[in-house]
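By convention here, the first residue in the shown sequence is residue 1.
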Amino acid sequence: MFSINTDEYVGPPRNRTRHLAPGSAGRRAAWSLEPEEALGFLKGVMPRITSGPGQVILVSGGIASGKTQLMHDFGHVATQAGALTLYATGAADEQHDFGVIDQLLASLRLSAEVARRVTAIRGPADKRQLEGWQTAMRTAIDDTAVVQGLRQILLELAEEHPMVILVDDLHFIDRLSFQILLQLQRRIKSTRLLMVLSQPDRPTGGPRTQWARTGLLPQHHIRLTPLTESSVRDWVHVTLGGAVAAAGAVFGPLNAAPAEPWAGALSLVGAGPEEDPVLEAAEALVEAVDTAPDHPCADLPALILDLSGGNPLLVEALIDDCTDLDGDPCRLPGAGYAYAVSAVLGRRDPLLPKVAGALALLDGYGSPDTVAELSGIEIDSAVEILDALTGAGLIAEGAFRHPVAASAALGCLSPEVLSDLHVRAAELKYRQAAPVGEIARHLVASAATPGDWAFPVLCSAADHAMLGDELDFSQRCLKLALDLAPGHEQRREVLSRLANGTFRVNPLITQSYLAALRQTSREESAEHAGRASSAGGRGTASPTGGAASAGRSGTGQTELAMLARMALWNGDEAGFKQALECLRSGPDALDPQSEAVLMLAHQWYFGPSRSQLAEDTELADLDPWIGTARTLAGIWAHGGLANTSANQILRNCRLSDLTFEALLTAITALDYGGKAELAEQWCAVLSSKAVAHGAVTWQAMIDGVWSGIALRRGDIPTAIALAESSLRMQSWGVPVSYPLTTLLSAHTATGDFDKVEKTLRHPVPDAAFNTVYGLRYLRARGRYHLAAERPLAAITDIHDCRRMMLRRDLDLPMLVPWRSDLAEAHLKMGDTSLALRLARQQLELSSDSDAGSRGAALLVLAQAGAGDEHQEPASQAVECLTAGGDRLELARALKLLGLPGPQFLQPAGVPVVDLDDTRRRLRASALLSDITVEPESEPADSAALSEAELRVARLAVLGRTNRQISNALFITVSTVEQHLTRIYKKLGIRGRSDLPASLTV
C-alpha cells in the first residue's frame, strides 16, 4: 500500500455543501466525501481533461464503502462524455505479468494496426524458453521493452482522444502493469489522460508489494466516508416516501452534467459558483418529512444509520428489508441485511471472516488481544482488521451492531473453521472463568471435547440449563459429557440425567437411556466383584442389577426415581413397587412430601383399592403431607369431600416430573367435587407452565385431563380439540387411554360413529387395561356400543371392566359405574328385572357425595319405569347430575322428563376451537378466582433470587439435606452448594438456618 504525503481533511456533517480544503503539498489535496459527492467531484474534473493537463486521482475507503460502484458509475459518465474509457480490476488470484494492462486493452476496441503493434510487442515475452540466469536476464530485457512499448501505445491513444483509465483494487496490481501506470503518470501533464485508481484504506490481505508503497503521487485523493444521517434520510425518503420526482432532482442520472453541488469544491481547481439550489430543495423536502408525525418512515433514518454505520451496501440492504417488511422499523434488520453482511465479509481477504467470526463468538470478551489469540494471528493484524470492520459499519465499540450481523459472520465460516474457533473460544473462556453455560455452548457447537476439564463444565452447564428449562441444550451438554465420563459412577450420573430430561419431551427415548443405565450398573457390579475376588474377598453381583447398586448413592436415587416414573408410564405396577422399595430403603430415605406424591402417582394410574382406603396409618396422623395425600386418594370413594386436600396439593406442589400426577389427581378431585370451573383454571395455569418448561409430556397429560373436564360440562368442541392436541405427542405410554376415552365419548354424544371407529383404531398398549383409565376406555367403548344398538358387544366390554375392577379390589362406582351401564344394556335386551336390580345395587354402593354415579343409576330406573313411574327417578337423576356437573348425562335425564336440555352438535356442526385463546381466557379468569397464590409466586424475600435458586432455597427451608435437594431437582450436590452460596450472598444471611420461612409460600 502506498502512502500520500497530504493532510486529509475530514469535513463536518453536510448542511448545504461540503467545504473542502486543499492539502499542504501544492495542488495535491485530499477530500473526505460520500460516494454521491465523490461522483459529483469526478464529474466536475472530467471537462478539464479534454484540454489537459491529465490528472491522477486516488480513491480509497473502507470495506464496501462504494469504491467499485463509484468506478463503474464514473466510467459510464466518461464514456457518455466521449472519452476513451479503459477499465481493469486487480485480483489476488491474477498476479501474472501485464494482467491489469491486458484488461485495460481488452476493454478497448483496438484498431487493426494498434492490435498488431500490441501483439508484436508482447510476442517475444510469450516465448521464453531459456533457463537459469539466462532466463532472468532475457526476461528483464523483454519486460523493459514491453513496458515501454505498451506505454507508448497508450500515450498515442490519449493524444487522439481524451482517455480515462480506471483501475480498481490497485493493491492487487501486478508489477509490470504498475510500472506502465507509473511511467504514464510521469508524462501525464502533457496528455489528455485521467487515471482514477482505487484501493482500500487498509489492505488487509493478499500480496503487498514494496513498490506499491512509493512512487505514485496523485493530484487528488478522495477518501470515501460513510453516509451521514442526512444522506440516509434522503435515500429513505426517495425509496419509501413516495417522492420519486423530487428524488431525481437530488441524485440525478449518472450521465448528467457535472453536479452543481461540487461547484464550491471544484472552484479550488478552477470551477464556478458555490450555491446549491437542488440540495436546498432536497433538504426542505426531508425537513417536511421529519416534521410529519405520522409519516411511516419518519423514524427509519436514525435506525438504519445505527445498524449500518453509514455503509452504503448495508444501508441499501436495510431499506430493501424495510420495503419487504411493509415499512415496519421494528422488524429490522431482515434477510437482506444478513446477506449484505455476508457480502462485506466475503471479500478477497480470508482473514476478514475469520476475525469477524472470532469476534462474534467472543461476545463481550472481544478485546483485540483475545480476538488475535482466538483467530491465531498477530495482534497488529487483528487491530487492523477490527479497524476495517469498524469502518465497514459492522462493529461499534468492539462489538457487532446487531446480533443478525454476528450470526451472518459465523455463517461465512466453513464448518471446520467454525468448529475450531468454538473449541478455541471454549478454552479461552474457561481460562477466563466465564460462566459454564457460555463455555458449554461453544463445546456443544463444536461437538468436540478438548480435555478432561470439559466434563465438569458440561455437567454443571446441563444442571443450570435444566433448572432454566432449556431442555434441548441440557440434553446436548449431557450427550457430549457422556463421551468424557471418567468412570461408571459418572457415566450413570449422566445417563440418569439424560433419562430425566428426555422424559419431558419423549418418554420413548428415556427407555433407551434406562437400558444403558442398567448395563452400566451391571458392568460396575462386575468390576466390584472382580476387584473383591482378586483381593481375596467374596465378590457377588447384586441380583437386582442397577437398582440395588443405585440405591447406594445419590445418583442411584435419581436413577430409581426415573425407573419408578417409567414403570408408571408403561403400566408396570410391579416395577414401580420395586423401585419405590429401593427408594425407601436407600441411605437417603424418602421425605414425606416425596412419599405423598409417589403415592398419588401410583393411584393416578392404578387406583386406590378399598383396603387401601380403609387403612388408618399412624403416619397419616403424624405428617400432614401423607394425611393430605390419603384424603385426596379418597376422591373415588368420597367425591367432593376431597376438595380441601386438592387445593392444598395444588397450592403446595410445584409442577415437576414427580408431582404432575399428584396435581392432576387434585384437579380431577375438584372436577368431581363440583368445582369444574376452578379445575379448568388450574389446567390453564399448569398448561402454561408446562409450555414454559418445554415439557411436551406434561402438556399432553394436562390437555388429556382437561379434555375430560370439558366433556363432563358439555363443551364437546373444546373436549375434542384438547384430546386431539394431547394425542399429537407421538411417544405415548398407557396414559394414551385418557384422551382416547374423551374422543370416544364426545363422538358418541354427537352421533359421529365414523370418527368413533377411527378412534378405536388408535393403538392402546395392553398394559393400559390394568390402569384406571384403561377401565374408563373400556366403559367408553361399551357406551358407544349401546348408542349403536349393539348391546351384546357392550355387555362384553362392561364385563371385562367388572372383572378387572373386582380382581384389583377397585369396585368403586365413582371410578367406573359399571352396574348402571350393564343395567342399561340388559334393558335394551329386554331384561327389565335384572336391569332394575343392578341399578338399585349401584344406588346402595354409591356414597351421598357421588352425585354422578347415583344420577346414572336413577336414570336407568327412570328408563325402566312404566307410565308415570319414571317421573320421580328422572327428577332425582336431574337433581344429582346437576349437582355433579355431568351435562352429558343430564341431557338424557331432561329428555326423559320432556324438558329442554343441551342440544349436542351434529357430526358436521362441530366448530374449530382456538385453544390458545381458550387458555389465555382461563388464565385471565384464574387471576380473579381462588388461584391467586400459586407455588411459583415470589415472596419479597425471594425477589433477588433466580428461578433455579428459588427452587433450591425452598427445599432448604423445609430442612432437606443437600443430597435430598439434589435428588429432588435432578442436579448434582455440587450445583446445590453453588446455588446456596449465591442465595446466602443475595439475601445477606450467614447460612441455612437464616433462610426466611416466607420462601416456602
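- Remark: Ser460 OG to Phe455 CZ distance equals 11.5 Å, nearest 0.5 Å.
- Between Glu661 and Val597, the closest side-chain pair of non-hydrogen atoms is not below 4.5 Å.
- At least one side-chain heavy atom of Leu428 sits less than 4.5 Å from a side-chain heavy atom of Leu362.
- Taking CD1 from Ile989 and CD1 from Ile983, the interatomic distance works out to 8.0 Å, rounded to the nearest 0.5 Å.
- Between Trp569 and Phe503, the ring planes are perpendicular. Angles over 60° get that label, and only those under 30° would be called parallel.
- Taking the charged nitrogens against the carboxylate oxygens, Asp657 and Arg565 have no contact shorter than 4.0 Å, which rules out a salt bridge.
- Distance alone, capped at 3.5 Å, places no donor-acceptor pair between the Ser419 side chain and the Pro415 backbone.
- The two residues Gly437 and Phe473 come nearest to each other via the heavy atoms O-CZ, 3.9 Å.
- Ile439 has its side chain out of reach of Glu427: every pair of non-hydrogen atoms, C-beta onward, lies at least 4.5 Å apart.
- Side-chain contact between Phe606 and Val772 is absent, with no heavy-atom pair separated by less than 4.5 Å.
- One finds the CD atom of Gln603 at 10.0 Å from the CG atom of Leu810 (value rounded to the nearest 0.5 Å).
- The two atoms that bring Ser731 and Leu508 nearest to each other are CB-CB, 3.7 Å, heavy atoms only.
- Cation-pi contact between Arg776 and Tyr738: absent, since separation from the ring centre below 6.0 Å together with deviation from the ring axis within 45° is not met.
- In plain terms, the two heavy atoms of Pro739 and Trp732 that are nearest each other are CG-CZ2, 4.3 Å.
- Between the side chains of Thr659 and Ser656, at least one donor N or O lies within less than 3.5 Å of an accepting N or O.
- Atom CG of residue Leu568 and atom OG1 of residue Thr771 lie 10.5 Å apart, to the nearest 0.5 angstrom.
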Q: Determine, stepwise, if the pair Glu573 / His602 fulfils side-chain hydrogen bond (donor to acceptor under 3.5 Å, both in side chains).
A: CA-CA 8 Å; Glu573 188 175 18; His602 173 263; 2.8 Å; yes
**Q.** Step-by-step side-chain contact (heavy atoms from CB on, under 4.5 Å) determination, Arg992 to Asn962
**A.** CA-CA 11 Å; Arg992 184 187 294 260; Asn962 288 0; 2.4 Å; yes
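- Side-chain atoms of Val734 and Asn770, non-hydrogen and from C-beta on, never get closer than 4.5 Å to each other.
- Side-chain N or O atoms of Ser585 include one that pairs as donor or acceptor with a backbone N or O of Glu581 at under 3.5 Å.
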**Q.** From CA spacing to verdict: side-chain contact (heavy atoms from CB on, under 4.5 Å), Asn500, Met466
**A.** CA-CA 10 Å; Asn500 175 62; Met466 192 70 172; 3.3 Å; yes
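- Legend: residues meeting side chain to side chain contact (heavy atoms under 4.5 Å, CB included) with Asp472, ordered by chain and number and at least two apart, are Arg476.
- His488 and Arg491 share no side-chain donor-acceptor pair at under 3.5 Å.
- Looking at Thr370 and Gln432, their side chains come closer than 4.5 Å, going by heavy atoms from C-beta outward.
- Remark: side-chain polar atoms of Ser688 are paired, donor with acceptor, to backbone N or O of Val685 under 3.5 angstrom.
- Among the candidates Leu484, Thr520, Leu482, the single residue satisfying the side chain to side chain contact (heavy atoms under 4.5 Å, CB included) test with Val494 is Leu482.
- Remark: Arg431 engages Glu373 in a salt bridge (Lys or Arg N to Asp or Glu O under 4.0 Å) (not counting sequence neighbours).
- Heavy-atom minimum distance, Cys477 versus Ala461: SG-CB, 4.2 Å.
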Q) Checking side-chain hydrogen bond (donor to acceptor under 3.5 Å, both in side chains) for the pair Gln699/Ser687: CA distance, chi angles, key distance, verdict? A) CA-CA 6 Å; Gln699 179 70 49; Ser687 174; 2.8 Å; yes
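- Within the 3.5 Å criterion, the main-chain N or O of Glu977 finds a donor-acceptor partner in the side chain of Thr981.
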Q: Would you please test Met701 and Trp604 for side-chain contact (heavy atoms from CB on, under 4.5 Å) and show each step?
A: CA-CA 12 Å; Met701 292 280 282; Trp604 170 260; 3.8 Å; yes
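- Once rounded to the nearest 0.5 Å, the distance linking CD of Glu438 with NZ of Lys429 reads 4.5 Å.
- Counted by atom type alone, Ser707 and Thr742 present one or more donor-acceptor pairs between their side chains at under 3.5 Å.
- For the residue pair Ala646 and Ala669, the shortest heavy atom distance occurs at CB-CB, 4.0 Å.
- Distance alone, capped at 3.5 Å, places no donor-acceptor pair between the Asn506 side chain and the Thr502 backbone.
- When side chains are defined from C-beta on, Tyr777 counts as touching Leu740, because their heavy atoms get closer than 4.5 Å.
- The line from CG of Leu517 to CD of Glu493 is 11.0 Å long, rounded to the nearest 0.5 Å.
- A 4.5 Å side-chain heavy-atom check between Leu458 and Leu478 finds every atom pair outside the cut-off.
- In this structure, Ser726 contributes its side chain and Ala700 its backbone to a donor-acceptor pair below 3.5 Å.
- Between Leu995 and Ala953, the shortest heavy-atom contact is CD1-O, 4.3 Å.
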**Q.** Ile649 and Leu600: CA distance, side-chain angles, deciding distance, side-chain contact (heavy atoms from CB on, under 4.5 Å) verdict
**A.** CA-CA 10 Å; Ile649 292 294; Leu600 289 173; 4.2 Å; yes
